[in-house]
Amino acid sequence: MMLPAALLLLGALTAVVAPRLLARADWPDREPVVALWAWQCAVAAVLVCCALSMTLSAAAAWHAVGGHVFATAPSAAVEAYALGTAGPWAATTAVALACGGLWSAAMLVREIGRARARRHSRRADLLVRAPLLPGEVAVSGRLVVLESERPDAWWLPGPPQLVVTTAALRRLKGRQLDAVLAHEQGHARARHDWLLNCSSALAGGFPQVPVFAAFRDEMHRLVELAADDTASRRFGRLTTALALVELNEHRGVFGPCPAPQAHVPARVRRLLTPPDRLTAARRLRLTAAAALVPVVPVLLAFVPGLRALG
């Protein structure tokens with residue numbers, strides 16, 4: 001039974017080829033939302049390959065598992081998988097992949113726990129620095145102005161809250177504040193925090209797997225580009241670029257030795273010299289092609305059974 005090995009090989013091939021294809025493509029910066037979808041489909045395909053390989057290996061190693069997996073399958077389809085020919089590697093593969101799945105789930109739980117702890121800490125700090133007035137009721141989506149000498153703005157998920165410092169209000173002119181609010185609301189509506197949590201969990205759990213590290217880095221970059229586009233469509237690219245400059249100039253990101261926020265200058269250049277968007281037809285083709293990537297391992301897993309049934 002070579003199907004589990006073939007699925008693992010397909011997963012490894014996807015993990016190597018997909019990031020390289022996306023890195024060489026000229027469209028991810030032009031269409032960050034499509035690029036986000038393509039990255040998610042590529043990583044999902046790798047995970048689906050591992051899950052299917054684990055399931056088939058377990059079915060071959062233990063009759064009880066095989067009975068549940070193929071409970072409703074015709075006998076001809078079951079025989080096509082040749083479960084009885086699996087060697088001793090089947091149990092080892094199944095256990096190793098199951099441990100990997102459990103470790104991934106543990107890393108995701110840890111990442112979500114850390115994100116919630118950070119969020120609760122920031123909310124507690126916010127209540128101390130900007131307490132509710134007597135009789136005031138906290139409402140979802142309210143804007144909180146925080147006294148601070150650092151220009152900053154951020155969105156707190158959970159019960160959503162947008163926080164802007166007084167220094168940011170002094171620096172942002174005209175519709176620049178509206179652009180910042182639209183940027184942060186774009187993050188909230190698209191639930192970018194979940195993308196960041198999942199990508200960080202995979203990269204943290206498997207630091208030796210390059211595709212997961214690339215997935216995390218690209219998620220952090222592309223969600224910012226997508227939110228920039230959300231703001232620029234409503235308030236203009238120049239206004240959004242100037243708002244980015246005003247909020248980040250004090251961090252030294254535009255100097256010769258930029259800080260960790262080195263992607264900010266690239267975002268400003270992208271807003272000031274916007275690349276041509278792809279046509280709607282090409283965006284649709286790319287979206288459909290990306291959606292097919294995780295379907296391929298599923299089709300591969302069903303090939304023996306479908307062939308046996310004619």
Side-chain angles (χ1 to χ4, degrees), residues 6-52 182-183 185-203 206 209-234 236-237 240-241 244 263-264 266-303:
L7 286 166
L8 286 179
L9 181 60
L10 178 61
L13 187 64
T14 305
V16 171
V17 173
R20 293 184 179 181
L21 290 178
L22 289 169
R24 292 175 183 175
D26 63 349
W27 55 266
D29 284 4
R30 298 159 67 184
E31 298 293 344
V33 174
V34 180
L36 284 168
W37 171 249
W39 269 101
Q40 291 175 75
C41 289
V43 172
V46 175
L47 299 178
V48 167
C49 285
C50 294
L52 290 173
H183 175 100
Q185 288 167 351
H187 282 312
R189 279 196 296 269
R191 301 306 302 267
H192 286 160
D193 55 316
W194 278 100
L195 274 179
L196 299 180
N197 287 339
C198 292
S199 61
S200 297
L202 287 172
F206 302 95
V209 182
V211 65
F212 294 149
F215 179 49
R216 175 196 57 198
D217 296 341
E218 283 299 288
M219 288 302 98
H220 280 78
R221 188 179 71 88
L222 291 171
V223 297
E224 295 299 335
L225 299 186
D228 288 344
D229 288 349
T230 299
S232 64
R233 280 194 293 268
R234 292 182 60 188
R237 289 184 171 272
T240 306
L244 272 176
H263 62 280
V264 175
R267 289 167 56 195
V268 173
R269 286 193 297 270
R270 176 179 176 272
L271 287 167
L272 294 178
T273 55
D276 294 332
R277 293 198 65 188
L278 302 181
T279 62
R282 190 178 177 194
R283 291 200 301 271
L284 182 60
R285 288 196 299 270
L286 288 170
T287 302
L292 288 176
V293 174
V295 176
V296 171
V298 177
L299 294 177
L300 179 62
F302 278 102
V303 163

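Sequence positions, counted from 1, serve as the residue numbers for this chain. The figures that follow rest on heavy atoms only: side chains count, while hydrogens, waters and symmetry mates do not. Being a predicted model, the structure only gives us computed values, none of them experimental.
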Undergrad: How are the rings of His187 and His192 set relative to one another: parallel (under 30°), tilted (30 to 60°) or perpendicular (over 60°)?
TA: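 The rings of His187 and His192 stand perpendicular, inter-plane angle above 60°.
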
Undergrad: I need the Met219 CE to Cys198 SG distance, nearest 0.5 Å.
TA: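 Taking CE in Met219 and SG in Cys198, the distance rounds to 10.5 Å.
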
Undergrad: If you measure from CG on Leu195 to CD on Gln40, what distance do you get to the nearest 0.5 Å?
TA: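 Rounded to the nearest 0.5 Å, the CG-CD separation comes to 4.5 Å.
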
Undergrad: Scan residues 16-28 for pairs that pass side-chain hydrogen bond (donor to acceptor under 3.5 Å, both in side chains), counting only residues two or more places apart or in two chains.
TA: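 As it turns out, there is no side-chain hydrogen bond (donor to acceptor under 3.5 Å, both in side chains) pair with a partner in residues 16-28 once direct neighbours are skipped.
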
Undergrad: Using salt bridge (Lys or Arg N to Asp or Glu O under 4.0 Å) as the criterion, point out the one residue from Arg270, Arg221, Arg277 that pairs with Asp29.
TA: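 Result: among Arg270, Arg221, Arg277, Arg221 is the only option passing the salt bridge (Lys or Arg N to Asp or Glu O under 4.0 Å) with Asp29.
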
Undergrad: So Asp229 and Arg237, side-chain contact (heavy atoms from CB on, under 4.5 Å) or not? Walk me through it.
TA: CA-CA 8 Å; Asp229 288 349; Arg237 289 184 171 272; 3.9 Å; yes

Undergrad: Do you know which two heavy atoms are closest between Gly186 and Thr230, and how far apart they sit?
TA: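 Of all heavy-atom pairs spanning Gly186 and Thr230, the closest is CA-CG2, 4.2 Å.
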
Undergrad: Hey, what do you get for OG1 (Thr240) to NE2 (His183), rounding to the nearest 0.5 Å?
TA: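 Answer rounded to 0.5 Å: 9.5 Å.
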
Undergrad: To the closest 0.5 Å, what do you measure between OG1 (Thr279) and CD (Glu31)?
TA: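 Reported value, rounded in 0.5 Å steps: 9.0 Å.
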
Undergrad: Of the non-hydrogen atoms in Cys49 and Leu7, which two are nearest, and what is the gap between them?
TA: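 So the two residues come closest at CB-O, 3.4 Å.
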
Undergrad: From Leu244 CG over to Asp228 CG, what is the distance, rounded to the nearest 0.5 angstrom?
TA: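 Nearest 0.5 Å value for the CG-CG distance: 5.0 Å.
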
Undergrad: Just do the side-chain contact (heavy atoms from CB on, under 4.5 Å) check on Leu202 and Arg216 with the steps written out, would you?
TA: CA-CA 8 Å; Leu202 287 172; Arg216 175 196 57 198; over 6 Å; no

Undergrad: I need the Phe302 CZ to Leu52 CG distance, nearest 0.5 Å.
TA: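 So the CZ of Phe302 and the CG of Leu52 are separated by 8.0 Å.
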
Undergrad: Could you check whether any side-chain N or O of Ser200 sits under 3.5 Å from a backbone N or O of Asn197, counting only pairs where one atom can act as donor and the other as acceptor?
TA: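 No; zero donor-acceptor contacts below 3.5 Å.
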
Undergrad: Which heavy atom of Ala18 sits nearest a heavy atom of Ala42, and at what distance?
TA: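 Here Ala18 and Ala42 meet closest at CB-CB, 3.7 Å.
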
Undergrad: Going by the side chain to side chain contact (heavy atoms under 4.5 Å, CB included) test, name the single residue among Leu22, Val46, Val43 that passes it with Phe215.
TA: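 By the side chain to side chain contact (heavy atoms under 4.5 Å, CB included) criterion, Phe215 pairs with just one of Leu22, Val46, Val43: Val43.
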
Undergrad: Verify side-chain contact (heavy atoms from CB on, under 4.5 Å) between Val33 and Arg283, making sure each step is shown before the conclusion.
TA: CA-CA 10 Å; Val33 174; Arg283 291 200 301 271; over 6 Å; no

Undergrad: Who pairs with Arg191 by salt bridge (charged side-chain N to carboxylate O under 4.0 Å, His left out), at least two apart in sequence or on another chain?
TA: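 With sequence neighbours excluded, Arg191 shows a salt bridge (charged side-chain N to carboxylate O under 4.0 Å, His left out) to Asp193, given in chain and number order.
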
Undergrad: Provide the closest heavy-atom pair for Ala15 versus Val211 in the form atom of the first, atom of the second, distance.
TA: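 Reported closest heavy-atom pair: O-CB, 3.6 Å.
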
Undergrad: Looking only at non-hydrogen atoms, find the nearest pair between Pro28 and Leu222 and report the distance.
TA: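 So the two residues come closest at O-CD2, 4.1 Å.
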
Undergrad: Testing the basics here: between Val293 and Cys41, what is the closest heavy-atom pair and its distance to 0.1 Å?
TA: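 So the minimum-distance heavy-atom pair works out to CG1-O, 4.3 Å.
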
Undergrad: Would the number of heavy atoms belonging to other residues, nucleotides or ligands and lying under 6.0 Å from CZ of Arg234 be above 12?
TA: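 Atom CZ in Arg234 is not packed in, count stays at 12 or less.
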
